[in-house]
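Below, chains carry the letters A, B, ... as their sequence lines are ordered, and counting in each starts from 1.
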Amino acid sequence: MLEVEKLRVKFPDSDHFLFKDLSLSIPFGQKVLIVGPSGSGKSTLLQILAGLIPNIIEVPLKAEKLQITSNYGIVFQDPDSQFCMPYVDEELAFVLENNQVPAVEMTEIIYDLLAKVNVRFENIHTPIHQLSGGMKQRLAIASALALQPQVLFLDEPTALLDVEGSKQVWDTITSIQGEQTIVIIEHKMEFVSDIVDRVIMLDDQGKIVADNSPSYVFQHYKQDFDQYGIWHPTSWSDYLASKSFKAIQTNRSNQKLIELESVSGYYQKTRRIFVENIVINKGDWIAITGANGSGKSTLVQTIMQLIKTKGTIHYHFADGRLPIYQKIAFVFQNPELQFVTNSVYHELAFSLKNKGNSNHTIIENHLMRYRLAHVRELHPYQLSMGQKRRLSVATATIMAEDIIILDEPTFGQDAINTFMMLDCLEELRQQGITIVMVTHDQQIVDHLATKEWIIEQGQLAEERYPCSFLSKEVGDSTHAL
Amino acid sequence: MKKKLTLTDILVTIVIALIFSVIYKVWGPLYNILSVFGLHVDQLIYGMWFMAATIAFLIIRKPGVALIAELAAAQGGEFLFGGQWGGISLLLYGFVQGIGCEVVFALFKYKSYHLFIACLAAIGATIGSLFLDVFYGYIDQLALWNLTLLIVARLIGAIVITGVFAFYIVKALEKTGVTKIIRPLSADDYQSLEEEIR
Amino acid sequence: MHFELTYRQTWLHALHPVFKFVMVIVLFVAILFIHNPNFLFYMLIGFGFLYIGWTGHSFKLISILSSPFLIIFVSSATSMMFFGDGTNTWYKIGLIHITEESFYRGVHLGLRGILFGLLGLLFALTTRPVLLFYSAMQTLKLKPKYAYAFMAAINLLPIMVSEFQTLRNALKVRGVTYNSGIKGVYQRIQYFSIPLLAQSIRRAHRTAIAMEAKQFSNDRTYYYQVSYSLKDLYFTFLILAIMATSFWVSTIYSVFPIDNVRMR
């Protein structure tokens, strides 16, 4: 049984309590889902129940009663920062070593654990970085199981995975669940609703607003789900039906913006991408898809001229003295890497200054438009994830470019931020700005893209026209190359 | 206040040092090309090699991090770049330079984080490196004017880069809010839990 | 950015990592007390053979890694050659004063630089960091928290390198320009270090917490047991043999007409 009574938490430099006398108890064996908006303290609560706070992470905390367990395992969100060893066997051995399992028994246990999470290797001495996200997270589950935990904590284990990977991970969790208590934080409802028998909902003040059976909560609090950005099975259909989603209008033109003819892109003398003949038209929304490492980002860098290229690329937009990579607005996957100043306002001013402009009104308009006005003085790193993304798009678009390229802009985002981003991009597209995005999200491709480029092994494998009503115009809905 | 180094402190320290190893990778070759001229222009950027120590200390503020940072920067260079730039000898340099910094921080009981302290640490590290250079590079066998030039150039470079730059980089980093997650808490932070609930 | 090297396991890989490490350190310190360039020259040949023949890596990699040796030689040698103390003047123009003593002292420093590089490579190419740290925990009683922190950090290195490359592009795209002079140096350091530090500190923090959550403890068993073997003995003999032979040959065939580069 896990129990907290009158829990108080207040982060340093914060002017409000995160939890104000929160009480909660979870009986042994229960499968609990905790949901809430970002800032509701879900992860903090989970780390308190695991004892990581305050033993390992120092956070001011006070409680009248704090009954936790030392016999637990956690799976975290980020597949790339929860392993300390380079190889699969070494990582699992690390956990066994912590438990003082004799070395001679380790290999057998490692095979058992991997079988449990349904990951099989010819050789267990396989580098972890070669695994897919879904496999990494299943390895993380295996290392949690290595501790033979009574409580399993899952802190958004599939937030950074694609649909396929998420499914694998949740199938695995379903198959391994037994006696133990499971406490889950997750944004994607479709996978967890069958596993849990209790849902606790926190509001943005860290207060429990609902605590009931899943069916009850899903039924009575659906509005809150949307408001909190939680993905549920009807998120997309609701969005498509909403008035904020405007069906893609046929304002595509045949005005060519960028043309690539037999172009290759190189990394250190090796050719990583080759495309025969592709065209980006004005008003296009192009989705670049393909497996990890297939060459999507390389293609983008080729178009941007950030890497060495061979072949002919025609850029049909206003020529200037700036290099190509400064004439195309570009949004990186990790927005933080492109912030260069100490405040949101200056971030936008920096973009403008490069264009020899410093118009205060333009900046203010942009702040309003991207809902960043209230945080204008904040350091970009202090923003929420959604705000960071919006800021990076804002810094890219304030220069009024004809084309914007984005590298997985909705990756790991909750529903609210995803749809907010898509609305904002569609609005840009309607204004005649061309959008090119690398994405894993098939829903975006199907509902918003005018053209899909599927990349396989450094080549353009297929060009599709996903939007059904557009395909009538161009004839075939797909044509293989 | 916990003064003992935790796993988190050590890991963060090493990672800070490795970042500077990655940046050295850009600077290292430049450094060697500059030094070909023999007039010690290269010494002006020698302070880059001590930077990890002051930055790690100013961020984590605990005893031992400066030394670990210097050793890690040396060791990182080793495994990152094959070690042809002196390999394990860098480890010896890392050790004396780290000790040079630690001595300064210890003199102020690890409680002072001013610009002045960072500059003093830079001088400490410089002394450490010069000590090893007597054995490694026979610097005592240089013409006196040339030796003086070397020492002055290295000192100035160290004070500017290891002291001043490092101090302001940490100041800039504090604005990002990242340092909050690793610095120890103060008693005030606990006190505020007793406040009335508004 | 990950680079997997394929290589042949040689007997140098099978040595006890800490023992090998200590041997190399001892060699380093010993070399600091060798002032005879002839001795150093023949040692370089001896260890050169070991490097070329027995690291188990491809000839291509071996040559790429040794390509900076010329720069190392020149950069370690020049200031001593041009500005070192000496009495027997060969050439003098302005500040540059090349004497016989300073010239050979410069050559000696150059050889030393290469030899250190060679030994460093010899060690790094034949030692897996993970095994070095396991062996340090078992033999030197290094505290596991240090060993695992190092191993975890090395594990994070590829992400840092790729982040560095992304950042380079990001700064280009944003159109960041730098001032000239010292201000520009600071700007460069700041633009690069702040984002990298912020990302990596957060990631390291997460990793450390994940490790603690796996009940990290200093009392533990070891997946890899590191032990000594006869090969360690052979290695010791080989090093002694290289040293002895180099010394003996240097007394017979001198390459440089000087046997102590120090003056005082």
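- How far OG of C:Ser79 is from CG of B:Leu150: 7.0 Å, rounded to the nearest 0.5 Å.
- With a 4.5 angstrom heavy-atom cutoff, B:Ile182 touches chain C only via side-chain atoms.
- Within the 4.5 Å cutoff, side-chain heavy atoms of B:Leu91 are placed close to those of C:Phe21.
- The residue among C:Ala77, C:Gly84, C:Pro195 with the most heavy atom pairs within less than 4.5 Å of chain B is C:Gly84.
- With chain C as partner, the option from B:Ile181, B:Thr176, B:Ile55 having the largest number of non-hydrogen pairs under 4.5 angstrom is B:Ile181.
- Proximity to chain B involves both the backbone and the side chain of C:Ile182, based on heavy atoms less than 4.5 angstrom apart.
- Here the side chains of C:Ile194 and B:Lys175 are not in contact, with every heavy-atom distance at 4.5 Å or above.
- With a 4.5 angstrom heavy-atom cutoff, C:Leu167 does not touch chain B via any of its atoms.
- For chain C, the nearby part of B:Ile59 is the side chain; its heavy atoms alone come within less than 4.5 Å.
- Remark: C:Lys172 NZ is packed, more than 12 non-hydrogen atoms of other residues, nucleotides or ligands lying under 6.0 Å away.
- Here the shortest heavy-atom pairing between C:Ala204 and B:Val15 reads CB-CG2, 3.8 Å.
- Contact annotation: the side chain of C:Phe82 never approaches that of B:Asn146 to less than 4.5 Å [non-hydrogen atoms, C-beta and beyond].
- Residues of residues 117-126 of chain B lying under 4.5 angstrom from chain C, judged on non-hydrogen atoms, do not exist.
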Stepwise side-chain contact (heavy atoms from CB on, under 4.5 Å) test for C:Leu197 and B:Val178: CA-CA 9 Å; C:Leu197 281 169; B:Val178 168; over 6 Å; no

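- The distance from the CG atom of B:Leu147 to the CZ atom of C:Phe83 is 13.0 Å, given to the nearest 0.5 Å.
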Steps toward side-chain contact (heavy atoms from CB on, under 4.5 Å) verdict (C:Asp85, B:Leu144): CA-CA 8 Å; C:Asp85 256 355; B:Leu144 189 61; over 6 Å; no

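- Among B:Ala143, B:Ala17, B:Gly177, the residue making the largest number of heavy-atom pairs under 4.5 Å with chain C is B:Ala143.
- Most heavy-atom pairs under 4.5 Å with chain B, from the set C:His108, C:Arg202, C:Arg112, C:Gln190: that is C:Arg112.
- Residues B:Met51 and C:Ile189 form a side-chain contact, since some pair of their non-hydrogen atoms from C-beta on lies under 4.5 Å apart.
- In this structure, the side-chain contact (heavy atoms from CB on, under 4.5 Å) partners of C:Ile93, at least two apart in sequence or on a different chain, are C:Tyr91, C:Ile96.
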Just list the side-chain donor-acceptor pairs under 3.5 Å for residues 7-14 of chain B, sequence neighbours left out, or say none.
unit_1	atom_1	unit_2	atom_2	d
B:Asp9	OD2	B:Thr6	N	3.0
B:Asp9	OD2	B:Thr6	OG1	3.1
B:Asp9	OD2	B:Lys62	NZ	2.7
B:Thr13	OG1	B:Asp9	O	2.6

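- Of the atoms belonging to C:Leu196, heavy atoms from both backbone and side chain fall under 4.5 Å from chain B.
- Two residues are said to be in side-chain contact when any heavy atoms from C-beta on lie closer than 4.5 Å; C:Ile201 and B:Ile16 meet this criterion.
- Among the residues in residues 164-171 of chain B, those with a non-hydrogen atom closer than 4.5 angstrom to a non-hydrogen atom of chain C are B:Phe165, B:Tyr168, B:Ile169.
- Interface check for chain B: of the options C:Pro144, C:Ala152, C:Ser193, the most heavy-atom pairs under 4.5 Å are formed by C:Ser193.
- Residue contact with chain B, scored on non-hydrogen atoms closer than 4.5 Å, involves the side chain of C:Leu156 exclusively.
- No more than 12 heavy atoms of other residues, nucleotides or ligands lie within 6.0 Å of CZ in B:Phe95, so this atom counts as exposed by the packing criterion.
- Between B:Tyr136 and C:Phe116, the ring planes are tilted. Angles from 30° to 60° get that label.
- Pairing each heavy atom of C:Met80 with each of B:Tyr138, the nearest pair is CE-O, 3.1 Å.
- More than 12 heavy-atom neighbours from other residues, nucleotides or ligands sit within 6.0 angstrom of OH on C:Tyr178.
- Among all heavy-atom pairs drawn from B:Lys4 and C:Lys145, the shortest one is CE-NZ, 4.4 Å.
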